[in-house]
Amino acid sequence: MRPIKKLAIANRGEIACRVIRTAKELGLTTVALFSEADRTALHVRKADEAYCVGPAPSRESYLDIDRVIGALRASGAEAVHPGYGFLSENPEFARACERAGVVLVGPPAEAMVAMGEKTRARALMAAAGVPVVPGSDGPVATEEEAISIAMRIGLPVMIKAAAGGGGKGMRKVEREQELASAYRTASSEAKSTFGDGRVYIEKFLDQPRHIEFQVFADTQGNTIHLNERECSVQRRHQKVIEETPSCLLDPELRARMGAVAVKAARAVGYVGAGTVEFLMDGARNFYFLEMNTRLQVEHPVTEWVTGIDLVRWQLEVAEGKTLPQWATAAPIAPRGHAIEARIYAEDPESNFLPSPGRINRFRVPGGPGVRDDSGVCDGSDVPMFYDPMIGKLSVWAERREMAIARLDRALSEYLVEGVATNIAWLRRVLLHPEFTSGRYDTGFLARRAQELRAGRDARVEEAALAAAALLSREQAARRGAVSPAAETQRALSAWQMNGRARALRRG
């Protein structure tokens, strides 16, 4: 492998901007690929060069392998970083890069194939001695077979897409009479989303925790893990808030799970950054869920507690370099606590509908231990064609309670005008007793959906009350007509009546 001097990023938004930052620190020339909808996007402005790969729909641009390869050839880039999503876990893209003489910053196509189809991955992991959730041995061919398997392993069960992820093609089934329709619905959704309608069945774990391990491997056979990330705060199987370390793991359990994650990566000849995901039941038994053969959205929290730039490591491994000797000599213990929240252009009060449009004003928070990974700025458009995540806000502190307070403060300073966002909702999630106690699971947001969406931030109301009282006192003092105490009481009464009216409207 030869040194990389020119790097293309086959992605958009915050992850493209994040990769460009590290690439520039390494002195690389950067190339942005963009669709017509992203012509003025931030990642295009940050890169040294930019090439259009097609119309706005992703299937005609970011997902079109021929267009992307054509842009890579035209740019003269020696390597391409796929980010996450789009083509990042597509073995055909990996093979096309190899044919074009472009280094893919990622694992070999064979590792993608091994882990990309969930039933094949389950079989490989079981053969390697990695614990898996009880379920079907492979894809389920018929409704009758689905019913038979589900009744054998016991209800409730999960029907899942064999070729996908992200909560698509997934159904929980609690009653036998629901099995046939759930099988058909999951298969249809999997077909339309991933082009593959095959599904498989797993035993449903009640109130599980979702814990993943960051793994890293070089081309010389060195494979390590960089500890866990707790990803149990999920809405419709999509992660919303992630943290590390997990409140559930002690050093002994962390070592055991990390060793299993390394074993999983070695079983498929993995190279680069990857994530092995587990489900954990109430008795702290853990089971392999899947492996994501790419950089994860939530990688910043791992970078916070380890001090490692994972993108830099990705690029160095892609050049054929080995992992640092200090990293392979002994396990890397986490330092402090980090939490990340995903900022979406969506409206929690309208069933989380995406909120495309133009961002008129955009200001991110600062201060000690605060990191913003965003892909927008003043005047940026949030297109309707892509995922509405506009950025990620992460923090680090010495202890978990300090990190929660810091993230809440940072979220209070985050300003986005022009589109609806989930920022206020994230603060309610972050400060909910179930989260602050650390005793939450993957069902947390579903159980608390109504109170989280309808809840008010008490501190915001207190601040508004204080401001209203102060204004009233100043006005009364200037007029000299009413005593400050009486004017303040009148203002408070009006505020309280207005609050009751809002509550009645919501009810």
Side-chain angles (χ1 to χ4, degrees), residues 9 11-26 42-43 46 81-85 88 105 210-216 225-234 238-246 272-277 292 294-316 327 332-344 364-376 387 389-400 402-411 413-414 422-423 426 429-430:
I9 299 91
N11 216 298
R12 62 180 303 278
E14 68 86 12
I15 187 58
C17 294
R18 189 265 173 272
V19 173
I20 288 171
R21 289 188 181 103
T22 289
K24 284 183 175 294
E25 290 178 10
L26 294 172
L42 186 59
H43 77 284
K46 283 184 173 292
H81 195 301
Y84 54 74
S88 62
V105 182
H210 186 147
I211 298 174
E212 63 186 27
F213 270 72
Q214 177 71 60
V215 295
F216 223 103
H225 75 83
L226 298 172
N227 305 305
E228 81 280 4
R229 294 184 288 256
E230 171 77 65
C231 303
S232 298
V233 181
Q234 301 179 6
Q238 291 279 16
K239 302 165 189 173
V240 177
I241 292 176
E242 303 97 348
E243 63 178 317
T244 187
S246 168
T275 301
V276 180
E277 307 202 4
N292 288 311
R294 54 171 168 77
L295 193 68
Q296 292 280 83
V297 176
E298 57 273 19
H299 75 274
V301 295
T302 296
E303 295 183 324
W304 270 123
V305 300
T306 62
I308 296 167
D309 182 337
L310 295 179
V311 173
R312 185 184 187 115
W313 273 21
Q314 283 187 297
L315 294 171
E316 289 175 349
I332 299 171
R335 185 182 69 88
H337 200 96
I339 310 177
E340 175 185 282
R342 303 188 186 192
I343 312 296
Y344 284 94
V364 298
V370 176
R371 168 177 168 175
D372 169 70
D373 287 70
S374 55
V376 298
D387 183 275
M389 188 175 77
I390 59 178
K392 307 171 309 198
L393 184 65
S394 61
V395 301
W396 179 91
E398 293 179 5
R399 299 188 304 275
R400 185 175 188 262
M402 295 170 63
I404 291 174
R406 179 165 287 171
L407 183 54
D408 178 55
R409 184 271 300 170
L411 285 167
E413 297 177 4
Y414 210 112
N422 65 335
I423 292 173
L426 284 169
V429 173
L430 189 68

Q | Heavy-atom closest pair, residues R409 and G366 | A | NH1-O, 2.7 Å
(Q) Using modelled atom types and a 3.5 Å cut-off, is there a donor and acceptor pairing between side-chain atoms of S232 and backbone atoms of H210? (A) yes
Q) Are side-chain heavy atoms of I339 and W304 found at a separation under 4.5 Å? A) no
Q: Report the distance from atom CG of D408 to atom CD of E413, rounding to the nearest 0.5 Å.
A: 10.5 Å
Q) When rounded to the nearest 0.5 angstrom, what is the spacing between CG in D373 and CE in M389? A) 9.0 Å
Q) In a check of side-chain hydrogen bond (donor to acceptor under 3.5 Å, both in side chains) between K239 and each of E230, Q234, E298, which one passes? A) E298
Q: Go through V395 and V370 one step at a time and tell me if the side-chain contact (heavy atoms from CB on, under 4.5 Å) criterion holds.
A: CA-CA 5 Å; V395 301; V370 176; 4.1 Å; yes
**Q.** Note: E243-R400 ion pair, threshold 4.0 Å (strictly below)
**A.** yes
Q) Given side chains that start at C-beta, do those of R342 and V297 come closer than 4.5 Å, heavy atoms only? A) yes
Q. Closest approach of V215 and T275, non-hydrogen atoms and distance?
A. CG2-N, 4.2 Å
Q: Would you mind reporting whether V429 and V240 have side-chain heavy atoms less than 4.5 Å apart?
A: no
Q | Heavy-atom side-chain proximity of Y414 to V364 below 4.5 angstrom | A | yes
Q. Among I20, N11, V19, whose side chain to side chain contact (heavy atoms under 4.5 Å, CB included) with H81 holds?
A. V19
Q) Is any side-chain heavy atom of T302 closer than 4.5 Å to a side-chain heavy atom of N227? A) no
**Q.** Validation row: L393, I423 side chains within 4.5 angstrom (heavy atoms)
**A.** no
Q.
Regarding E242 and K392, does a basic nitrogen lie under 4.0 Å from an acidic carboxylate oxygen?
A. no
Q: Taking all heavy atoms of H43 and all of A16, pick out the closest pair and write down the distance.
A: CB-CB, 3.6 Å
Q) Sub-3.5 Å donor-acceptor pair from the side chain of E212 to the main-chain atoms of C231, do we have one? A) no
Q: Kindly give the heavy-atom pair with the smallest separation between C17 and G375, and that separation in Å.
A: SG-CA, 4.1 Å
Q. Are V305 and H337 side-chain neighbours, meaning at least one heavy-atom pair lies under 4.5 Å?
A. no
Q: Would you sort out whether I390 and E14 count as a side-chain contact (heavy atoms from CB on, under 4.5 Å), showing the intermediate values?
A: CA-CA 7 Å; I390 59 178; E14 68 86 12; over 6 Å; no
**Q.** Residues that F216 engages under ring pair (Phe, Tyr, Trp, His ring centres under 6.0 Å), provided they are two or more places apart
**A.** W313
Q: Sort out for me which residue in R229, Q296, H225 forms a side-chain hydrogen bond (donor to acceptor under 3.5 Å, both in side chains) with Q214.
A: R229
Q: For the pair W396 (side chain) and R371 (backbone), establish whether a donor and an acceptor sit closer than 3.5 Å, ignoring hydrogens and angles.
A: no
(Q) Using side-chain heavy atoms (C-beta onward) and a distance below 4.5 Å, is I343 in contact with L426? (A) yes
Q) If you look at every heavy atom in L295 and Y84, which pair is closest and at what distance? A) O-CB, 3.4 Å
(Q) Which heavy atom of P82 sits nearest to which heavy atom of S88, and what is that distance? (A) CB-CA, 3.6 Å
Q. Looking at R294, Q314, R18, E340, which hits side chain to side chain contact (heavy atoms under 4.5 Å, CB included) with H299?
A. R18
